[in-house]
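Notes for the one structure printed next.
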Number of protein chains: 2
Amino acid sequence: MIQHISFSERLGLNKEMLQAFLSTAETRCYKKGSILFERDTVYNQLGYIKSGAVRTYCINDQGIDISFLLQVNGDFFGDYESYITGKRSAFIIEAAVDTEVLLFDKKRLDELIASDISWLRFSRTISDICFLEAKRRIEELLFFSPEERYFNLLQKSPEIICKIPLKYISTYLGITPQSLSRIRKRLIN
Amino acid sequence: MIQHISFSERLGLNKEMLQAFLSTAETRCYKKGSILFERDTVYNQLGYIKSGAVRTYCINDQGIDISFLLQVNGDFFGDYESYITGKRSAFIIEAAVDTEVLLFDKKRLDELIASDISWLRFSRTISDICFLEAKRRIEELLFFSPEERYFNLLQKSPEIICKIPLKYISTYLGITPQSLSRIRKRLIN
DNA sequence: CGTACCATTGATCAGGTTCAATGCTCGTGG
DNA sequence: CCACGAGCATTGAACCTGATCAATGGTACG
C-alpha cells in the first residue's frame with residue numbers, strides 16, 4: 001500500500017520494523033459523524049487515517065464546540081497528551097466523513113519499545129514529530145491573521161477544505177463560521 | 001542548589017544521572033539585552049535559566065518583532081526544533097534582564113544518550129515535555145481571548161510580568177503593546 | 001414535500017489596530 | 001547636580017476586522 005511507504009520514510013522504519021509496527025494495529029471503519037474517541041477517556045491507542053477525515057474537538061465552558069485538529073488521509077491522530085500521560089482527555093474525535101483507520105495499541109507498542117532500543121528510538125521520533133507539528137500550529141496562530149491562516153490551510157491541505165464543513169474549519173482557525181464565510185468571499189473577489 | 005531538586009523531579013533523574021547530566025553543561029552569565037543565540041544559527045545547546053529571564057523572538061516579513069517564548073528561573077530554553085533537526089533557526093534569544101544560565105552541549109548529551117538506554121529514555125522524556133508545553137500554548141491561543149490570556153499569564157507567571165517589558169509580553173500574547181496597556185487598565189478597574 | 005442542517009448575508013456591536021501625541025523614568029554627559 | 005535625550009508606557013481618535021444576533025437561502029435526506 002502506498003501509505004506504508006510514507007510510513008517508512010517519515011518514521012524511519014525498515015521493512016521488518018514496519019511489519020512489526022503494523023502488527024500492533026487493527027483496521028476499523030467509521031461512518032460519517034460517528035465517534036472514534038469519547039470525552040473523558042484515556043487514549044490507549046494512536047490512530048492513522050487510511051482514508052477519510054477526522055476531527056478532534058472539545059466543548060468549552062460556554063458550551064462552544066472548538067476544533068483542535070482536522071486530519072485527513074495519511075495523518076496520525078489521537079490525543080497524544082492523554083496517550084503519554086495516561087490522563088483522561090477533554091477531547092472528542094469524530095469521523096468527518098466515512099473513514100477507515102488503523103488503531104495502534106499502546107500496550108503492544110510499549111512491549112515493542114521495551115523489547116529493543118531501536119523501538120525506543122522510534123518512540124522518540126514519534127514524540128519529536130508531535131512536537132514539531134505543535135510548534136507549526138503555534139507559529140500559525142501567532143504570526144498570521146485569520147485570513148492568512150485560511151489561505152495557508154487552503155494551500156497546505158485543500159483536502160481538508162473539501163471534506164470538512166466550514167463551521168468546523170472556522171473554529172480550527174480560531175474564528176466563527178460567519179467570519180470564515182466572509183473571508184472566503186473576500187478571497188474569491 | 002534548589003533548582004537541581006526540581007531537575008530530578010521533573011526529568012526523572014537519580015543522583016548519578018543528575019551528576020552526569022550537569023557535567024555536560026557550563027555556566028554562563030549575560031548582561032541585560034545581550035544575545036544568547038543569533039538568528040540563522042544551529043542550536044547545538046539547550047539552556048536552563050539559573051536566574052534571570054530570556055526572550056525567544058523572531059522578526060517577521062514586515063520587520064515586526066514577535067516574542068515566541070518568555071522564560072524565567074528554572075525554565076529550559078532554546079529552539080528545540082533546530083536542536084533536533086540541525087536546521088538553522090529563525091529565532092533569536094536575548095537576556096531580558098541580567099541572566100545566569102546553564103548551557104547543555106548537544107554533542108556531550110548525544111554521547112550520553114548513545115551510551116545507555118536510560119539516557120535514551122531521558123531524551124524521550126525531554127521531547128514529551130516539549131510537546132506538552134507546545135500543546136498548552138496552542139490551547140491558550142485557541143481557547144482564550146487576549147484579555148483572558150493576559151490574566152492566565154498573570155496567574156501562572158507573575159515573574160514574567162515583573163521582569164519583562166510590556167511591549168514584549170504583548171506580542172507573546174498575540175496583540176499590540178497599546179492593546180495590552182488597555183487590557184491592563186481594564187483589569188485594574 | 002417537508003424538515004433539518006448548514007452556509008450565507010445583513011445590521012450592529014465590541015475589541016484590537018493604527019497613528020499620533022504625551023508622559024514617565026532612567027541613564028548620561030555637560 | 002541638573003538637563004537632556006532615549007526608550008517605553010499610556011492615552012486619544014479614527015478605523016477595521018471579527019463577533020454576535022437574526023434572517024434568508026440552498027441542499028440533502030427521510
Side-chain angles (χ1 to χ4, degrees), chain A residues 31-35 53 55 57 59-67 70 92 94-98 140-154 158 160-189, chain B residues 31-35 53 55 57 59-67 70 92 94-98 140-154 158 160-189:
Chain A
K31 284 277 159 214
K32 171 177 177 173
S34 61
I35 303 294
R55 180 173 82 97
Y57 66 99
I59 309 293
N60 73 6
D61 308 330
Q62 294 106 54
I64 308 293
D65 171 322
I66 299 177
S67 301
L70 303 176
I92 303 158
E94 66 170 15
V97 297
D98 288 357
E140 196 70 18
L141 290 167
L142 203 56
F143 301 156
F144 297 96
S145 69
E147 184 163 340
E148 291 169 325
R149 295 203 288 271
Y150 176 68
F151 185 75
N152 292 346
L153 184 65
L154 204 56
I160 288 177
I161 311 285
C162 297
K163 285 182 176 173
I164 297 177
L166 174 143
K167 66 170 186 160
Y168 296 140
I169 296 175
S170 60
T171 60
Y172 173 76
L173 297 172
I175 57 178
T176 60
Q178 293 92 328
S179 292
L180 180 54
S181 179
R182 287 178 175 117
I183 285 173
R184 182 184 275 187
K185 201 176 170 187
R186 278 207 298 267
L187 283 184
I188 292 169
N189 303 335
Chain B
K31 284 276 161 213
K32 171 177 178 173
S34 61
I35 303 293
R55 180 173 82 98
Y57 67 101
I59 309 293
N60 73 6
D61 308 330
Q62 293 106 54
I64 309 293
D65 171 322
I66 299 176
S67 301
L70 304 176
I92 303 157
E94 66 170 15
V97 297
D98 288 358
E140 196 70 18
L141 290 167
L142 204 56
F143 301 156
F144 296 96
S145 68
E147 183 163 340
E148 290 168 325
R149 295 203 288 272
Y150 175 69
F151 185 76
N152 292 346
L153 184 65
L154 205 58
I160 288 178
I161 310 286
C162 298
K163 284 181 176 172
I164 297 177
L166 173 143
K167 65 170 186 158
Y168 296 140
I169 296 174
S170 61
T171 61
Y172 173 76
L173 296 172
I175 57 177
T176 60
Q178 293 92 329
S179 292
L180 181 53
S181 179
R182 288 180 173 116
I183 285 173
R184 182 184 275 186
K185 200 177 171 187
R186 281 207 298 267
L187 283 183
I188 292 169
N189 304 338

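Numbered from 1 within each chain, the chains take letters A, B, ... in sequence-line order.
Among pairs with a residue in residues 163-173 of chain A, those fulfilling salt bridge (charged side-chain N to carboxylate O under 4.0 Å, His left out) read E159(A)-K163(A), at least two apart in sequence or across chains. For residues 168-181 of chain B, the set of pairs meeting the salt bridge (charged side-chain N to carboxylate O under 4.0 Å, His left out) definition, not counting sequence neighbours, is empty.
Rounding to whole angstrom units, CZ of residue R184(A) and P of dA7(C) are separated by 8 Å. At whole-Å resolution of the value, CG in L142(A) and P in dG16(C) are 16 Å apart. Atom-to-atom, NZ of K31(B) to P of dG27(C) comes out at 12 Å; the value is rounded to the nearest Å. When rounded to the nearest whole Å, the span between CG of D65(A) and C1' of dC6(C) equals 14 Å. Atom C1' of nucleotide dG15(C) and atom CG of L173(B) are separated by 15 Å, given to the nearest angstrom. Following rounding to the nearest Å, L166(B) (CG) and dT11(D) (P) show an atom-to-atom distance of 11 Å. K32(A) has its NZ atom 10 Å from the C1' atom of dC6(C), to the nearest Å.
For the atom pair CD1 (I161(B)) and CG (L154(B)), the distance works out to 5.0 Å, reported to the nearest 0.5 Å. Put simply, CG on L166(B) and CD1 on I183(B) are 9.5 Å apart, with the number rounded to the nearest 0.5 Å.
Using a 4.0 Å cut-off, no side-chain N or O of K167(A) falls inside it from OP1 or OP2 of dA7(C).
Using a 4.5 Å cut-off on side-chain heavy atoms (C-beta onward), Y172(A) and L70(A) make contact.
With hydrogens and angles disregarded, a donor-acceptor distance shorter than 3.5 Å links the side chain of R149(B) to the backbone of F144(B).
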Nucleic acid footprint by protein, nucleotides 15-30 of chain D - heavy-atom cut-off 4.0 Å, B for base, S for sugar-phosphate alone: ---SSBBB--------
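Among the nucleotides dG10(C), dC6(C), dA9(D), the one closest to the side chain of K185(A) is dG10(C).
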